[in-house]
Every structure is written in structure tokens, then in C-alpha cells.
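Here is how names work: the chains are called A, B, and so on, in the same order as the sequence lines, proteins then strands, and each is numbered from 1.
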Amino acid sequence: MSQKVRVRFAPSPTGPLHIGGVRTALFNYLFAKKNGGDFILRIEDTDQNRYVDGAEKYIVDALNWCNIPFDEGPSKEGKFGPYRQSERKHLYKKYADELIQKGLAYYAFDTAEKLDFHRKDHESKGKTFIYNWHNRLKLDNSLSLSDDEINKKLNDGVPYVIRFKTPQDQKLQLTDIIRGNIEIDTNILDDKVLYKSDGMPTYHLANIVDDHLMEITHVIRGEEWLPSLALHQQLYDAFEWQAPQFAHLPLIMKPVGKGKLSKRDGEKLGFPVFPLSWNESVGYKETGYFPEAVVNFLALLGWNPGTEQEIFSLEELINEFSLERVNKSGARFDPDKTKWYNQHYLQHADVKTVADSFLNILSSKEVLPQLLETTYIEQVVTLIKERAVFIGDLWGLGDYFFVAPQSYNEKAVKKQWKAGTPDIMQQVFEVIESISDFTSENVEAIVKNWIGEKELSFGKVMPPLRLIIVGDMKGPHLFDIIALIGKAESLERIKKAIATL
RNA sequence: GCUCCAUUAGCAUAGUGGCUAGUGCAUCCGACUUUCUAUCGGAAGACAAGGGUUCGAUUCCCUUAUGGAGUACCA
């Protein structure tokens with residue numbers, strides 16, 4: 001009997017979704033869709049202190065922008081809801097109690113201060129304080145206390161937590177789809193808190209209970225969870241539940257230096273780390289990235305198809321994706337590669353769509369209304385988009401199609417504007433004025449012919465002419481520009497330059 | 001410190017017990033061009049180290065080094 005694949009993305013709403021989180025969501029989504037399964041969003045808000053307003057909405061918006069919507073989640077309630085752990089609070093206590101009854105967990109009354117003291121004390125001696133089999137009988141809990149004492153504390157309302165009683169001297173055999181088999185000695189594990197004194201479960205308990213209740217078949221999450229896999233497996237065993245399969249994704253590392261990618265790296269090196277803007281941090285969307293490009297480069301971060309293909313649509317990714325081809329080692333984040341992807345998507349985007357977005361930018365500039373015409377913009381886009389990575393680059397690349405140069409690049413003027421230049425430009429003016437068939441090819445032919453006749457060099461004519469038309473030594477084929485902006489505008493720019501330079 | 005995970009060029013990666021280890025980004029050179037950040041062409045560049053196993057190891061095993069994660073009443 002094969003079960004329907006159900007995976008979940010379970011972020012905690014403590015801030016904006018980091019790009020690494022988006023990748024985790026994406027891999028879950030791809031795996032689910034590849035296998036005809038469901039992708040569930042569950043909000044893990046068991047830590048009330050760290051809750052950030054708006055973070056949940058951000059997560060949902062980010063997923064939608066990336067085009068990886070969830071099938072079930074907050075506001076898309078399926079039969080397994082609610083999908084916020086804070087709204088499932090009442091569910092967890094009985095599971096913690098069940099473990100206590102089975103003798104697999106116990107009450108602990110140690111105060112935070114006391115534990116803190118132990119930890120600091122051990123640290124100062126170069127050791128690590130571990131709450132487990134070797135010292136639990138010396139601490140303040142229902143294993144070390146008499147029944148009377150325990151009941152009195154419980155009745156008196158003394159705060160307590162419930163800890164998992166990690167068994168001694170066991171070798172756990174764990175399986176991870178990406179990493180294979182892992183063996184863990186239970187003696188090095190600590191008795192993790194399952195239930196907090198504020199009446200909320202910890203991540204560990206809530207996670208296992210919810211994954212079980214929501215019939216999750218595969219847990220795909222970041223590598224930072226690998227060390228707690230042992231606990232989770234034991235919890236499934238303790239409840240006598242069938243555990244899902246696990247896959248731990250490699251971490252995304254910073255572009256330079258050591259460690260995992262952080263918000264700071266983005267600020268330092270000037271690239272986004274969030275899909276959408278959040279306060280001062282500009283997102284991928286606002287920087288001008290296509291969601292398709294973001295999804296594409298994210299997919300190749302820690303996964304590859306085994307072929308040389310690097311460009312994938314979402315559909316292709318769904319087809320090709322497999323957890324077996326996910327890498328074991330950390331994936332270094334390369335901002336240049338993300339640009340490369342975006343440039344690719346921009347070059348292959350429909351000209352109409354690009355022109356449309358460009359129009360939005362143009363509207364905010366001081367451009368003559370008659371130039372904001374669709375076919376004109378599309379022609380401009382076709383000429384200049386080759387060098388653009390983002391749609392936002394288009395203005396800097398082609399402003400001269402919309403406004404005459406207000407100034408001329410000084411260095412270029414120095415180099416190109418010689419004593420005889422105004423005279424030559426005056427002649428060019430006359431040549432151009434006489435042309436009636438104003439196509440790029442025809443203008444080029446006539447001007448080049450004239451240069452030949454006059455025995456002038458290209459270097460004396462073309463660079464200054466470009467300077468006049470563009471204001472700088474940049475842009476596509478000059479005659480394409482002249483033809484597009486038209487005869488009248490070209491003549492005007494020449495006239496103006498002769499007068500001012 | 002301890003536990004677990006990893007290690008192919010600057011970076012990301014493919015691949016194989018045995019021909020010149022493949023690809024992309026970046027780099028350098030060249031071409032085109034009136035210019036260039038574009039495009040095209042070319043070049044350079046790697047199996048972390050040391051031991052084994054083997055006729056033979058980048059590929060299997062061990063050790064070391066390096067990197068990563070975790071070590072909370074956070075997720």
C-alpha cells in the first residue's frame with residue numbers, strides 16, 4: 001500500500017524568510033509535485049518570545065511570489081488543520097503525559113538559573129554540561145525525588161518542564177535519504193526538554209506530533225537539524241509511530257570566508273538574502289529578479305540533475321528533481337551566478353513583457369509622452385537589452401532614446417572633440433538632413449560613403465557623432481540609434497552639440 | 001572540548017577501480033565593433049595530505065588536516 005506523499009515546510013515566524021528557507025521550501029515543493037503529493041505549510045510559533053508580527057504573511061507572500069504555493073496551510077485549511085502550532089497548543093500536553101506514563105519522560109523542576117550555573121561552571125572547566133543519564137539523578141526531577149515530593153511540587157504549582165529520558169547504552173541506526181546510514185550512541189545525547197514551563201511544547205515535541213498527525217511522509221529540512229534526528233527518531237519509537245523518511249539538505253554558505261550565509265553577507269557584498277524586501281533589506285523581487293531566475297538558481301544550490309543543463313523551468317525541475325541527487329556538502333552561494341541566471345531570463349523574456357515593465361520605469365522619468373509608445377519602447381528594448389541583467393538597467397543603458405544628452409562625458413569629449421570636429425559635424429548634419437529614406441542601413445551606407453568620398457577617417461566622424469547622439473561612448477550600433485530616434489531629433493542633437501561643445 | 005557531516009581548479013559541480021577528469025560562473029588572451037560592462041573564439045587552472053587494499057585508485061578502507069552543523073524551557 002503506497003501512501004500519498006505529504007511534505008511540509010515548517011518555518012517559525014521570527015522574521016523574514018531567508019533565501020535558505022526558500023530553498024528548503026522549494027525542495028519540498030519539487031519533491032511533492034514530482035511524486036504527486038501535497039506540500040503543506042505549517043507555522044511553528046511555539047516560541048512566543050520570538051514571534052514577529054508580519055513574518056507569517058511574509059512567508060506566504062514569498063512562497064507565492066516564487067510560484068511555489070502550498071496545498072494546505074493557514075487560510076488554506078485542509079482536514080489536518082489548524083496549521084499554526086500556537087492554535088494546536090491543546091494537542092500536545094497529552095502526548096507529553098503519555099510519555100511520562102510510559103516512563104519515557106519525566107518532570108524536571110530545575111530552575112533556569114540553576115541550569116545556567118551548571119553550564120557556566122562546566123564551561124569554566126572546559127567541559128560541557130549535559131543533562132542526561134550520568135547526572136539526572138543528582139538533579140531536581142521526578143526521577144530523583146520521592147513521589148510525595150513530586151506531588152507536592154506539582155500541587156503547589158512549581159514550574160516544571162518535561163524531559164525525554166534518553167535510554168542508556170543504545171546504538172541508534174538512523175537513515176537519511178541524502179546521507180545514508182548514521183550511527184549514534186545514546187550515551188552522548190541529552191535529555192531534551194519536550195514541554196516547556198509556559199505550557200507550550202518545544203519544537204521537538206510539536207514537530208513529531210504534528211508530522212504524525214498531519215501524515216507527513218518525508219521530512220526535508222536543513223542540515224542544522226541533523227543532530228536532533230536521533231531524538232526525533234526515538235520520539236517516534238516512543239510513541240510507536242511510523243517515522244517519516246528524512247532528508248537533510250546541505251547548508252548554504254557565504255560567498256567568501258567561513259560559515260553559513262547570513263543577512264550580513266548580503267549587506268556587505270551588496271546582494272539580497274531575502275526574496276522580498278523587509279524593512280531596510282531589499283529583496284530579490286525589488287532588486288529586479290525574475291522569480292523564475294531565483295527558483296532556478298536556488299534549485300541548483302545543493303542539487304544538480306547529473307547533466308550539464310543549468311536552465312530549468314519549474315516544470316522541468318519538478319520532472320528532474322530527486323533527493324538522491326542532492327549534495328552532502330555545503331553549497332557556496334555565488335551572487336554572480338544569480339545575476340547570470342537573471343540575465344539569461346531577461347534575454348529570453350518576451351519583449352512585450354520587458355517593454356511593459358520598462359514603461360513603468362519610464363513613466364517616473366521626464367520623458368516626452370509621445371515617446372512612451374509601445375512599439376517604440378519595444379524597439380529600444382530589443383536594441384539594448386543584451387547588456388542588461390535587470391529591467392532596471394534599461395534606463396541607464398538607453399536613456400538617450402528618450403531624452404537628449406544633458407551633458408557629455410568629459411573624458412570622451414577631451415578625447416574625441418578636436419579642433420576640426422565642429423566643422424565635420426556640421427557637414428554630417430547636412431548629409432543627414434538630405435537623407436529621405438531614414439532606415440539604419442540607408443543612413444549608414446550614405447554616411448559611410450560620404451566619409452569615403454571626403455577621405456575622412458571613421459575615427460574622426462563616428463566617435464564624436466556617438467558622443468553627440470548618446471552623450472557617452474556607449475550603446476548599440478550608432479546608426480540603429482539614429483534611425484530610431486529619427487531624423488529631426490538626430491539633427492537637433494548635432495546642432496545642440498556644435499553650439500555647446 | 002564532544003558528537004555528527006563533508007572535502008574534485010578562485011567558486012559551483014559532473015564523472016570513473018585503468019584511454020588526454022567533463023561543464024558553468026569568474027580570470028586571462030583574441031575577434032567583432034565607432035565604444036563596452038554584451039556576443040563569439042581560445043587559454044590557463046583541480047581529484048586536501050599520508051598510509052594501506054589492488055596488477056592498477058581521484059574513485060574502496062584508515063589516519064591527519066581543513067571546513068560545516070549541533071551541543072538552549074530557539075526553531
Side-chain angles (χ1 to χ4, degrees), chain A residues 10-14 44-47 49-50 85 108 110-112 115-116 119 122-123 125-131 159-163 174 176 178-180 182-185 187-190 192-198 200-204 206-207 221-230 248 250-251 253 255-256 258-260 297 300-311 327-341 343 347 384-389 393 397 409 412 416 457-467 470 472-479:
Chain A
S12 54
T14 54
E44 308 227 328
D45 54 352
T46 51
D47 185 0
N49 299 322
R50 296 207 309 157
Q85 288 183 330
D110 316 85
T111 62
L115 292 175
D116 210 42
R119 268 189 273 270
H122 275 67
E123 201 179 323
K125 292 172 189 159
K127 294 188 203 160
T128 307
F129 174 75
I130 304 179
Y131 200 127
Y160 66 87
V161 301
I162 297 175
R163 304 187 93 108
L174 308 172
D176 178 281
I178 296 168
R179 278 148 227 282
I182 302 163
E183 187 182 276
I184 298 280
D185 181 347
N187 287 354
I188 55 122
L189 265 22
D190 61 345
K192 279 270 182 277
V193 171
L194 301 178
Y195 200 82
K196 301 186 272 188
S197 58
D198 66 358
M200 278 290 224
T202 60
Y203 166 82
H204 301 291
N207 188 265
R221 75 233 293 197
E223 190 187 319
E224 67 268 28
W225 294 109
L226 196 52
S228 39
L229 177 58
H248 290 86
L251 263 15
M253 317 303 288
V256 288
K258 309 169 181 180
K260 62 175 177 179
F297 80 70
L300 276 282
L301 227 41
W303 171 85
N304 76 78
T307 66
E308 274 154 23
Q309 186 177 352
E310 295 198 86
I311 302 296
N327 283 89
K328 296 184 188 74
S329 55
R332 197 177 279 275
F333 186 81
D334 183 356
D336 286 337
K337 195 72 187 255
T338 68
K339 287 188 180 174
W340 179 79
Y341 272 110
Q343 183 177 21
Q347 301 315 318
I384 60 174
K385 75 167 186 178
E386 193 178 65
R387 295 126 203 272
V389 173
D393 296 342
L397 251 21
N409 182 318
Q416 311 294 355
S457 73
F458 272 65
K460 283 206 168 104
V461 180
M462 298 308 293
L465 187 55
R466 173 173 291 276
L467 189 57
V470 174
D472 202 347
M473 304 309 288
K474 67 174 186 184
H477 192 57
L478 186 53
F479 293 106

Ignoring backbone atoms, test whether A:Arg332 places a side-chain nitrogen or oxygen under 4.0 Å from the OP1 or OP2 oxygen of B:C11.
-> no

Pairing pattern in dot-bracket form [Watson-Crick, G-U; both distances under 3.5 Å; | = partner strand] for RNA chain B | (((((((..((((....[...)))).(((((.......)))))....(((((..]....))))))))))))....

Gap in Å between the two P atoms, one belonging to B:G67 and one to B:U8, rounded = 14 Å

Ignoring the backbone of A:Trp340, work out which of B:C25, B:C74, B:G70 is nearest its side chain.
-> B:C25

In whole Å, what separates the P atom of B:G24 from that of B:A44?
-> 15 Å

For B:C47 versus B:U58, give the span between their P atoms, rounded off to a whole number of Å.
-> 10 Å

Donor-acceptor pair (no angle test) under 3.5 Å: A:Ser197 side chain, B:C73 base | yes

Looking at A:Asp190 and A:Lys192, does any basic side-chain N land under 4.0 Å from a carboxylate oxygen?
-> yes

Phosphate OP1/OP2 of B:U33: any A:Arg387 side-chain N/O under 4.0 Å = no

Counting only side-chain N and O atoms of A:Arg179, is one of them less than 4.0 Å from OP1 or OP2 of B:C4?
-> no

OP1, OP2 of B:A38 versus side-chain N and O of A:Lys474: anything below 4.0 Å?
-> no

Taking only the side-chain nitrogens and oxygens of A:Asn304, find out if one of them lies under 4.0 Å from OP1 or OP2 of B:A14.
-> yes

Scan A:Lys328, A:Glu224, A:Arg221 and name whichever one has a side-chain hydrogen bond (donor to acceptor under 3.5 Å, both in side chains) with A:His248.
-> A:Arg221

Short side-chain N/O contact to B:A75 OP1/OP2 from A:Thr202, under 4.0 Å | no

How is A:Lys328 classified with respect to the nucleic acid when contacts are heavy atoms under 4.0 Å: base, sugar-phosphate, or nothing?
-> sugar-phosphate

On a whole-Å scale, what distance lies between the P atoms belonging to B:U33 and B:C11?
-> 38 Å

Of all residues at least two apart in sequence or in a different chain, which pass the ring pair (Phe, Tyr, Trp, His ring centres under 6.0 Å) check with A:Tyr131?
-> none

Looking only at side-chain atoms of A:Asp336, point me to the closest of B:A6, B:C25, B:A75.
-> B:C25

Where the side chain of A:Lys192 is concerned, which of B:C74, B:C73, B:U71 is the nearest nucleotide?
-> B:U71

Yes or no on side chain to side chain contact (heavy atoms under 4.5 Å, CB included) for A:Glu310 and A:Tyr341, after CA distance, side-chain angles and deciding distance?
-> CA-CA 9 Å; A:Glu310 295 198 86; A:Tyr341 272 110; 3.8 Å; yes

